[in-house]
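Take a look at the structure below.
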Amino acid sequence: MTIAEKRAKSREVHAGFCCKCKTEKSTITVRYAEYCDPCFLIALDSKFRTALRNARPYRVITPENVMLAFSGGPSSRALIHLFDVFHSLPPEVATNKQQPKIYNDIHVCHIDESCLLEPAQDQELQDIPLTSIGSTMEQARSIAAGYGYTFHGVAIEDIFDPEWTDSQCFEAAAALLTSLPKEQLTTSGQAPELLSRIIPTSFSSPTSEEGSKLSRQEKINKLKALLSACTTLTAKETVLQHFRSSLLTQLAKRGQCTILALGDSATRVAIQIIELTSIGRGYSLPHETSLLSSWVQDCKVIRPLKDCLVKELDTFCGLNGLEMIERHQAQLDWTMKTKAEVKSIRRLTDEFITGLDKEFPSTVATVCRTAAKLTPPEATYDQKCPLCLGPVQPGVQEWKSRITVTTAPGQLVSATTNTEAQAEAETKTKESSDGCCSSTDGIACCSSSQRPTSCSSQQTATSSSTPAPFSALLCYGCLTNLRDLDLKSMVSQQDSSDSEPTSSSLFELPPYVAETIVHRMGFASLDEFEQRSFSSSSSRETGVDPRESLREQIQEFLIASDDENEDGA
């Protein structure tokens, strides 16, 4: 036989036999290939090592620490086991100084979402131990201890703790406000301009025992209030995903890990590509689905299982007898009080990709290869979105207003008339008021004759009377997601100036959102933001233009113009 005929004969596979060894009967079918159990394990390990090598193409000089994100599912469970096999070098290789270990220490992190599982109606959450409502922390800790890895755990409600910010001490939250009164929210065809108030944690929870230290029940209430304000299941899942990403990056930085490994399979990445495109997050798609992402500051995010199907990982866990967490995904059914079956975009995309992959096995690979051709946007880390911490494309609001139809043609005249009437009313109110809290600008405090003691103390202690921009700082995906917020539950700018905002009338965003807003506005810290806000409100209260006061301070350093010299002569 010729060489070509010998090669064709060696590649020939008989039906029912493994495509690798060609001697054992096949037990596993993946796409169009058939494997026996040992060859399947070898093939999956080879995929993992190839992806890991492609994620780090440079030569390793000093080993780095890696953090493995463990949710409890088959993908993240297989990730831990594959890293253990990869990191366990033979003795002859481990003693070789010319081939050092790629990773120094391996850490495992887990986010407990058991607070979203609703307990019995006749029991309070504080009276129930964590294990009885499906806590996954101890089970995840025991799995990490079986490999000898360092474990880091955090609850999803701890996102409202000031500790989980970049500064680790930003004790303030952001409360959203609307720019339209409540009677116009139902007639408005678009989400109005949203503002935010930076409220210190000590004032948002005056009943806490240790000042600004929030109890577990208070953090759970804040999280559920925020999820309840989202009217669709897609918005709830998107907000929770932003919180998970923020906690995972903070856990990696706290553990001094420069690499964060996620267990996203090829099926999961394909679902994310379609889902993120559907909800308007195509700008940040390369960072959220690529094999290697360097968007997170001081930490690289890798996805070593991007070439493995979820079916392969399920089979891998079954062959190795790997223990998984039963309740690794929190159910959000308690937030949807509807009779009909409600599905989010993520669930619909999951059913679409899974169903299509059964008839066309190359669907997942085709979607992933197509999205892999996208290049990350050239955006700076300083211009990140306060909510998702992703890149922000400039001119988002103007572009969205041009392509979106928000008002019917028949309602255009009435909407314009209402806007003009509202503007005239605001102008009259500003002229008649002497800087009191009833003014519609929401910035000036009470006048000297009508100022209560509580309002003056609040102004000196907190900058909540000064609204900060919010919609202008968001990316297109988060700005689109705001359409699903219950705007009626928020306090309008006029209503909030008359009374103190309460927890029942508005919801709060985590401290990391407020910290990003303050930094995007050009302030280095919360104290600088409060001092600048207090000085601006004081100047408006006294009727002094801050530009005039600044001119008086630098008057001696100014050079007179030609007109002023002629007048002096």
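Numbering starts at 1 and runs along the sequence shown. No experiment lies behind these values; they were computed from the predicted model shown.
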Is there a side-chain contact between [X] and [Y] (heavy atoms, below 4.5 Å)?
X	Y	value
Asp105	Gln256	no
Ser46	Thr50	yes
His519	Asp166	no
Leu44	Leu313	yes
Val513	Pro510	yes
Asp37	Leu41	no
Ser284	Cys475	no
Ile143	His110	no

What is the distance from atom [atom1] of [X] to atom [atom2] of [Y], rounded to the nearest 0.5 Å?
X	Y	atom1	atom2	result
Glu64	Asn104	CD	CG	10.0 Å
Arg346	Thr238	CZ	OG1	6.5 Å
Phe316	Leu305	CZ	CG	9.0 Å
Leu387	Ile517	CG	CD1	9.0 Å
Lys236	Leu116	NZ	CG	11.0 Å
Ile302	Ser293	CD1	OG	11.5 Å

Heavy-atom pair with the smallest gap, counting every atom of [X] and [Y]:
X	Y	value
Glu515	Thr165	OE1-CB, 3.2 Å
Cys257	Cys299	O-SG, 4.1 Å
Phe160	Glu508	CE2-O, 3.4 Å
Ser290	Leu292	OG-O, 3.1 Å
Ala78	Leu322	CA-CD1, 4.4 Å
Lys306	Leu291	NZ-N, 3.9 Å

Please answer whether the main-chain N or O of [Y] pairs with a side-chain N or O of [X] as donor and acceptor at a distance below 3.5 Å.
X	Y	result
Lys311	Thr29	yes
His107	His152	no
Glu312	Leu309	yes
Thr234	Ile345	yes
Ser142	Gln139	yes
Ser344	Leu233	no

Checklist entry - Hey, are Arg303 and Asp264 close enough for a salt bridge, meaning a charged N less than 4.0 Å from a carboxylate O? => result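 Looking at Asp264 together with Arg303, the answer is yes, because their closest N to O distance falls below 4.0 Å.
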Next on the checklist: Between Arg49 and Asp45, does any NZ, NE, NH1 or NH2 come within less than 4.0 Å of an OD or OE carboxylate oxygen?
Outcome noted: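 Yes, this pair counts.
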Next on the checklist: Please determine whether side chain to side chain contact (heavy atoms under 4.5 Å, CB included) holds for the pair Leu226 and Phe243, giving the CA-CA distance in whole Å, both sets of side-chain angles, and the decisive distance to 0.1 Å.
Outcome noted: CA-CA 12 Å; Leu226 178 57; Phe243 292 170; 3.5 Å; yes
Next on the checklist: Please determine whether side chain to side chain contact (heavy atoms under 4.5 Å, CB included) holds for the pair Trp164 and Leu251, giving the CA-CA distance in whole Å, both sets of side-chain angles, and the decisive distance to 0.1 Å.
Outcome noted: CA-CA 9 Å; Trp164 298 100; Leu251 285 171; 3.5 Å; yes
Item to check | Between Glu275 and Thr349, a side-chain donor and acceptor under 3.5 Å | outcome: no
Next on the checklist: Just by distance, no angles: are the side chains of Asn221 and Glu157 close enough, under 3.5 Å, to form a donor-acceptor pair?
Outcome noted: no
Checklist entry - For Cys21 and Cys36, what are the C-alpha separation, side-chain angles and deciding distance, and is it a side chain to side chain contact (heavy atoms under 4.5 Å, CB included)? => result CA-CA 8 Å; Cys21 63; Cys36 60; 3.9 Å; yes
Checklist entry - So Lys20 and Phe40, side chain to side chain contact (heavy atoms under 4.5 Å, CB included) or not? Walk me through it. => result CA-CA 9 Å; Lys20 289 292 184 181; Phe40 171 76; over 6 Å; no
Next on the checklist: For Arg216 and Asp112: C-alpha separation, side-chain torsions, deciding distance, then whether salt bridge (Lys or Arg N to Asp or Glu O under 4.0 Å) applies.
Outcome noted: CA-CA 13 Å; Arg216 180 174 180 270; Asp112 186 10; over 6 Å; no
Item to check | More than 12 heavy atoms from other groups under 6.0 Å of CZ on Phe352 | outcome: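 Counting other residues, nucleotides and ligands, CZ of Phe352 stays at 12 neighbours or fewer.
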Checklist entry - Taking the six-membered ring for Trp, is the centroid-to-centroid distance between Phe83 and Phe48 below 6.0 Å? => result yes
Checklist entry - Aromatic rings Trp295 and His287: how do their planes relate, parallel, tilted or perpendicular, breaks at 30° and 60°? => result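 Tilted.
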